[in-house]
Protein chains: 2
Amino acid sequence: MCSETIRREGLRERKRRETLLRVAETGLNLFAERGYDATTLEAIAEASGISPRTFFYYFKTKDEILQFWQGTGIADAVAPTLLAQPWDKSPLQAVRDTFIVLVTRYLNEKSLAVDRIYNSSATLRVRKQGFYLQIEQTVFTTLCQRWPQPERRAQLRMTAMVAIGAFRLAMEARRNDTQTRPIAEYLQESFAVLEHQL
Amino acid sequence: MCSETIRREGLRERKRRETLLRVAETGLNLFAERGYDATTLEAIAEASGISPRTFFYYFKTKDEILQFWQGTGIADAVAPTLLAQPWDKSPLQAVRDTFIVLVTRYLNEKSLAVDRIYNSSATLRVRKQGFYLQIEQTVFTTLCQRWPQPERRAQLRMTAMVAIGAFRLAMEARRNDTQTRPIAEYLQESFAVLEHQL
DNA sequence: GTGTATATCGCAGTAACTGCGATATTTCAA
DNA sequence: TTGAAATATCGCAGTTACTGCGATATACAC
């Protein structure tokens with residue numbers, strides 16, 4: 001029966017996607033509740049209804065759960081969004097406007113939770129830099145695509161670095177702020193300070 | 001006999017200093033030879049003539065050996081050197097000149113080895129950011145001491161960030177360069193690119 | 001010389017991961 | 001429909017970094 005079984009995705013893929021999401025969500029919740037270090041793999045596995053061994057089938061490491069929430073979206077969207085910017089903008093302007101688009105589109109309550117977890121310990125704070133490093137790299141290579149003149153390379157490298165720096169400082173400002181304003185505002189301010197530095 | 005025994009330091013402290021240095025050196029050598037991950041604590045301990053347990057009496061973690069070589073010196077010298085800069089310099093100039101002094105004074109062949117090890121794996125590259133984060137923090141608070149006006153804080157935070165960024169890019173440039181020039185030159189160039197960004 | 005602080009070490013334990021190999025489930029095609 | 005191939009789940013044993021506890025030895029200070 002049911003000859004036209006819904007087969008646009010396949011049982012396998014659906015289950016996989018569901019399990020992945022369930023584990024990621026369970027993990028994030030447990031981190032938020034008990035703290036990152038105090039949450040064992042075993043606990044995450046059990047709460048997700050899988051065996052500890054199977055956890056590693058979905059995530060290579062424990063902190064890939066955090067990367068899952070932090071990185072998904074933004075990291076992949078940087079290059080296309082940056083390339084889609086109007087051509088009359090300066091490199092720095094283009095990156096700034098890209099970031100403004102991306103944070104509005106991808107940062108949500110979950111990102112706030114992740115941010116709080118990342119800032120709960122020194123080792124995690126350091127690991128978060130891996131994310132920034134990755135974005136910096138992507139921004140740089142994308143900028144080089146748009147402005148391929150070799151003599152601009154060093155300058156573009158610097159642009160990528162200061163832009164990610166401004167991004168970091170914006171997140172920092174948001175974290176330290178007592179009120180809660182839209183993330184894009186912090187970004188605007190951060191880049192304004194950067195441009196004022198000149 | 002020998003009533004005026006040399007007692008300016010004490011046997012204890014001397015031994016401790018010697019052992020610490022021996023372990024740190026052995027570790028660095030093994031890392032360079034076999035790679036960081038392939039070097040077990042047990043191997044370092046054995047090659048240093050101590051028990052694995054005693055290793056943790058000297059270093060809390062394995063990568064504290066890298067921190068020992070990278071951080072010692074520079075991290076502690078940043079604040080005093082920055083405060084000793086002439087008062088007519090701009091914040092950014094002051095930080096730049098501080099870095100030039102420090103790299104000339106503290107970076108040696110060992111730092112090169114450490115740099116190579118740090119860049120041998122993605123996880124280590126990320127961990128190195130902990131060092132930059134620390135320096136950035138120190139630079140920021142020191143700048144705030146010298147220019148304590150609250151309305152400058154945001155600007156000084158940005159200065160600290162771009163300065164450390166320029167530092168990072170200078171190290172990167174040196175690593176990617178085929179020839180070997182004095183580190184201070186890369187720094188000068190990096191800050192020149194930064195100032196040109198304005 | 002005696003007490004106190006420091007150094008060394010073994011042992012048992014934990015937690016994150018890896019490799020191997022067994023079994024079950026889904027898929028694809030003959 | 002059946003049977004082979006790919007994928008998913010899992011247990012078990014092992015490795016490595018690191019911790020806590022407690023024992024013993026060494027240096028120091030008086």
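On a predicted model such as this, the values are computed, not experimentally measured, just so you know. All values below were derived from every heavy atom in this structure, side-chain atoms included, with hydrogens, water molecules and symmetry-related copies excluded. The chains referred to below are lettered A, B, ... by the order of the sequence lines, with proteins before strands, and numbering in each begins at 1.
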- [ ] Using atom CZ of Arg14(B) as one end and atom P of dT6(C) as the other, report the distance to the nearest whole Å.
- [x] 19 Å

Open item on the list: Holding to side chain to side chain donor-acceptor pair (under 3.5 Å), I want the full list of residues that pass it with Arg157(A), two or more places apart in sequence or in another chain.
Closed with: Glu136(A), Glu172(B)

- [ ] Could you grab the distance from atom OG1 of Thr39(A) to atom NZ of Lys62(A), nearest 0.5 Å is fine?
- [x] 6.0 Å

Open item on the list: Distance check needed: dA16(C) P versus Glu64(A) CD, whole Å only.
Closed with: 15 Å

Task: Any side-chain heavy-atom pair of Val78(B) and Ile74(B) under 4.5 Å - done: yes

Open item on the list: Between Ser190(A) (side chain only) and Leu187(A) (backbone N and O only), is there a donor and an acceptor less than 3.5 Å apart?
Closed with: no

Open item on the list: Strictly distance-based, threshold 3.5 Å: is any side-chain N or O of Thr54(A) a donor or acceptor partner for the main-chain N or O of Tyr57(A)?
Closed with: no

Task: Euclidean distance, atom NZ of residue Lys15(A) to atom C1' of dA6(D) [Å, nearest integer] - done: 15 Å

Can you tabulate the close N/O pairs, meaning under 3.5 Å, that link protein atoms to atoms of nucleotides 3-5 of chain C?
| unit_1 | atom_1 | unit_2 | atom_2 | d |
| --- | --- | --- | --- | --- |
| dA5(C) | N3 | Arg12(B) | NH2 | 3.1 |

Open item on the list: What is the distance, to the nearest angstrom, from the CG atom on Leu20(B) to the C1' atom on dT8(C)?
Closed with: 15 Å

Open item on the list: When you measure from the side chain of Thr159(B) to the backbone of Leu92(B), do you find a donor-acceptor pair of N or O atoms at a distance under 3.5 Å?
Closed with: no

Open item on the list: Whether the side chain of Tyr36(B) engages the backbone of Asp63(B) through a donor-acceptor N/O pair (distance < 3.5 Å, no angle test) should be reported.
Closed with: yes

- [ ] May I ask you to list the residues of residues 39-54 of chain A, by number, that have any heavy atom positioned under 4.0 Å from an atom of DNA chain D?
- [x] Ile50(A), Ser51(A), Arg53(A), Thr54(A)

TODO: Measure the shortest side-chain to side-chain distance between Arg96(B) and Gln93(B) over non-hydrogen atoms and say whether it is less than 4.5 angstrom.
DONE: yes

Open item on the list: Does the plane of the ring in Phe68(A) sit parallel, tilted or perpendicular to the ring in Phe59(A)? Use 30° and 60° as the thresholds.
Closed with: perpendicular

Open item on the list: Check this for me, if you would: do Glu18(A) and Arg14(A) make a salt bridge, where the nitrogen-to-carboxylate-oxygen distance has to be below 4.0 angstrom?
Closed with: yes

TODO: Mind running a 4.0 Å heavy-atom check of residues 118-130 of chain A against DNA chain D and sending the residues that fall below it, in number order?
DONE: none

TODO: If a pair satisfies salt bridge (Lys or Arg N to Asp or Glu O under 4.0 Å) and one of its residues is in residues 22-37 of chain A, list it, with sequence neighbours excluded.
DONE: Glu25(A)-Lys110(A)

Task: Within residues 55-63 of chain A, residues whose heavy atoms come under 4.0 Å of DNA chain C - done: Phe56(A), Lys60(A), Thr61(A), Lys62(A)

Open item on the list: Checking Asn108(B) against Ser111(B): is there a side-chain donor and acceptor pair closer than 3.5 Å?
Closed with: yes

Open item on the list: Rounding to an integer number of Å, can you tell me how far Glu18(A) CD sits from dT26(C) P?
Closed with: 12 Å

Task: Student check: side-chain heavy atoms of Phe191(B) and Phe99(B) closer than 4.5 Å - done: yes

